[in-house]
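Written below as structure tokens is the structure these notes are about.
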Amino acid sequence: MKMWKLFGIIFFCGLLSPSREVLSGLSCAVSPRAMQNVLSDAILQNGLLQQHLQGLVLPNIMGDGGLLSSPTSITGLHLVKVRLPRLSVVLLPGIGVQLTVTAKLELSGNCLVGLLSDLIDILVDVNITANIKCTNFESGTVQVIIEDCLCILGAIKIKLLSGLLSLSVNDIVLNKLTATLPGLLCPVVDIVINLVNIQLMGTLNAVIPVGTAGTIHYQLASLPFTSGLFLGLDLDGAVQQVGGSIIPHDSSPSALPPLLDKLLVLGLRQSFLTAVLSLLLQIPPQTFPCTPEAFSGASHLQEAITALVPSGCSVCRGSSALSIRIMLAGKPLILLEENKATVRLSVMIQVFVKRLDGSILNLLLLKADLGLNARVSIAGGRLVLGLSLGSTSLSLESSDVGISNVSSLKPHFSGLLVETFLPLINAALSIGIPLPNVLGIPLLKVEIQILAGLMVILA
């Protein structure tokens, strides 16, 4: 048994079986039909097989003739065209992929029978089957081995320009091609699959910018596996700030749903999405006057705050003196439940006045814990989240003027956040989370499912 070894990321991925649970940030599932489409495009439609078969060096075919036949020689035999190429994929449980290519090879050369020279055209059916497996996972790479490459010749049609074809020429061509062509075609398939592996490797191992905030480095996380129906792999997504460290994320076990009639299923774990949100939501503190020009509810908020201020605080009551500062507190957290995605986010809200001597008087320092409902969509290969306010929990951190009960302020500050801060959050999220371009399969007409701890994209 002869093996051809290819190194790099395996060029397929697929579905996690319901009983298999992993701890990587992402899992992807590709159906055999999608695999067949991808490999057919890469090997056949892009002309890669034709291009490398063009370089075939076919040996001269010599026949010494018999008692009743003239000596025959066929020289300069070369490939003219690959006709009707087709590719099929079968998954081998626990082994890998069986790749089969069928085609008609059109060959042409010079034929000398005795003293008569002629042009010869040969059309030969070929069926090439190669088993592909992967092994030795290490640092995001696997070793890919092609074994048991089998080439079978089918019907052979031979035509001379003169139209005079002797039985001896037919026998000589049939015998020689049967003996030599399989040994020439399997190495070509080896080269082609190696190039396809390198091409598709970039879809699994890539560093993708997330706006100007940082990057996500997608990389194969474990050895791919096969069942009789699916191919599976897991990906790590390392989230890193520009000029900073990697944002850690811990994954809990989860399993992907079945593919059914889909080409691709991609599962994003809750912890991974939380890490990316931390990268995206880096909004600087916002300071603005409490005036109707800044937000529409300013006058009502001022009245509500003034009503809580003790009567002895004269500096607190200037209608144009209040200022507001809003800043993020802590890291965001995305929670995935059945059919529901929520982002929990905390902000600090400071309401203050500036005295004539330039010092600051804090009327209120509040903490608002927000429950934000998330709408998710796919645009341009990115997962885009849009947030709306679902709930607000308001607590008093401190007050320099003795305010102790802020329950009446909750609707006013909820309106303030919706009008002034939530648009900033959505603007930061609008660039989207770049997704791995698995095998180049476009994310079109997608369906998004939200499960416990897992967001699933089906295409």
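The closest side-chain heavy-atom distance from L345 to L277 is not below 4.5 Å. A 4.5 Å side-chain heavy-atom check between Q270 and I334 finds at least one atom pair inside the cut-off. Within the 4.5 Å cutoff, no side-chain heavy atoms of N362 are placed close to those of S398. L181 has its side chain within reach of L58: a pair of non-hydrogen atoms, C-beta onward, lies under 4.5 Å apart. A heavy-atom distance below 4.5 Å is found between the side chains of L322 and V353. Contact of the L385 side chain with the L273 side chain is not registered, since no non-hydrogen atoms from C-beta on lie closer than 4.5 Å. Between L184 and C151 the shortest side-chain heavy-atom distance does not fall below 4.5 Å. C290 places none of its side-chain heavy atoms less than 4.5 Å from the side chain of V351.
Looking at H78, its side chain does come within 3.5 Å of a backbone N or O of S108 through a donor-acceptor pair. Between the side chain of N131 and the backbone N or O of K133 there is no donor-acceptor pair closer than 3.5 Å. Judged purely by atom type and a 3.5 angstrom limit, S27 has no side-chain atom pairing as donor or acceptor with the backbone of D234. Side chain of H217 to main chain of Q240: no donor-acceptor pair is present (N/O by atom type, distance under 3.5 Å, no hydrogens or angles). Within the 3.5 Å criterion, the main-chain N or O of L363 finds a donor-acceptor partner in the side chain of S399. R382 places no side-chain N or O within donor-acceptor distance of the main-chain N or O of S430, the cut-off being under 3.5 Å. Within the 3.5 Å criterion, the main-chain N or O of V82 finds a donor-acceptor partner in the side chain of Q50. Looking at T226, its side chain does come within 3.5 Å of a backbone N or O of G94 through a donor-acceptor pair. Between the side chain of S359 and the backbone N or O of R355, no donor-acceptor pair lies under 3.5 Å. A distance-only check finds no donor-acceptor pair linking the side chain of Q241 to the backbone of A213 [under 3.5 Å].
Using a 4.0 Å cut-off between charged nitrogen and carboxylate oxygen, E397 and K367 do not count as a salt-bridge pair.
Between the CG atom in D125 and the CZ atom in R83 there is a gap of 10.5 Å [rounded to 0.5 Å]. One finds the CG atom of L372 at 11.5 Å from the CG atom of L333 (value rounded to the nearest 0.5 Å). Taking CG from L454 and CZ from R269, the interatomic distance works out to 6.0 Å, rounded to the nearest 0.5 Å. Taken from OG in S388 to CD1 in I425, the straight-line distance is 11.5 Å, to the nearest 0.5 Å. Summarising the geometry, atom CD1 belonging to I191 is positioned 11.0 Å from atom CD1 belonging to I193; distances are rounded to the nearest 0.5 Å. Rounded to the nearest 0.5 angstrom, I433 CD1 and I208 CD1 are separated by 12.0 Å.
The heavy-atom pair separating G432 from V210 by the smallest distance is O-CG1, 4.3 Å. Here the closest non-hydrogen pair linking I128 and V189 is CG2-CG2, 3.8 Å. What you find for Q286 and P284 is that their closest heavy atoms are NE2-O, 2.9 Å. Pairing each heavy atom of T392 with each of S414, the nearest pair is OG1-OG, 3.3 Å.
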Which donor-acceptor pairs under 3.5 Å do the side chains of residues 415-422 make with protein atoms, sequence neighbours left out?
from, atom 1, to, atom 2, distance (Å)
E419, OE1, S296, N, 3.4
E419, OE1, S296, OG, 2.8
E419, OE2, S296, N, 2.8
E419, OE2, S296, OG, 3.4
T420, OG1, L416, O, 2.7

Pairs of donor and acceptor atoms involving the side chains of residues 41-48, under 3.5 Å and at least two apart or interchain, shall be tabulated with distances.
from, atom 1, to, atom 2, distance (Å)
N46, ND2, D41, O, 3.1

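As summarised for C149 and C186, their two SG atoms come within a distance smaller than 2.5 angstrom, satisfying the threshold.
Side-chain N/O atoms of S346 and D369 include a donor and acceptor closer than 3.5 Å. Using a 3.5 Å distance cut-off with no hydrogens or angles, the side chains of N127 and T102 do not pair a donor with an acceptor.
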inquiry  = side-chain contact (heavy atoms from CB on, under 4.5 Å), that's the test. Do L268 and L336 meet it? Break it down for me.
reply    = CA-CA 10 Å; L268 311 173; L336 301 179; over 6 Å; no
inquiry  = What verdict does the side-chain contact (heavy atoms from CB on, under 4.5 Å) test give for L301 and F295, after you've listed the backbone C-alpha separation in whole Å, the side-chain angles of each residue and the deciding distance to 0.1 Å?
reply    = CA-CA 10 Å; L301 178 59; F295 65 100; 3.8 Å; yes
request  = Take H412 and H300 through the test side-chain contact (heavy atoms from CB on, under 4.5 Å) and record every step on the way to the result.
outcome  = CA-CA 7 Å; H412 301 290; H300 296 293; 4.0 Å; yes
inquiry  = Run L308 and S408 through side-chain contact (heavy atoms from CB on, under 4.5 Å) and show every step you take.
reply    = CA-CA 9 Å; L308 298 176; S408 63; 4.1 Å; yes
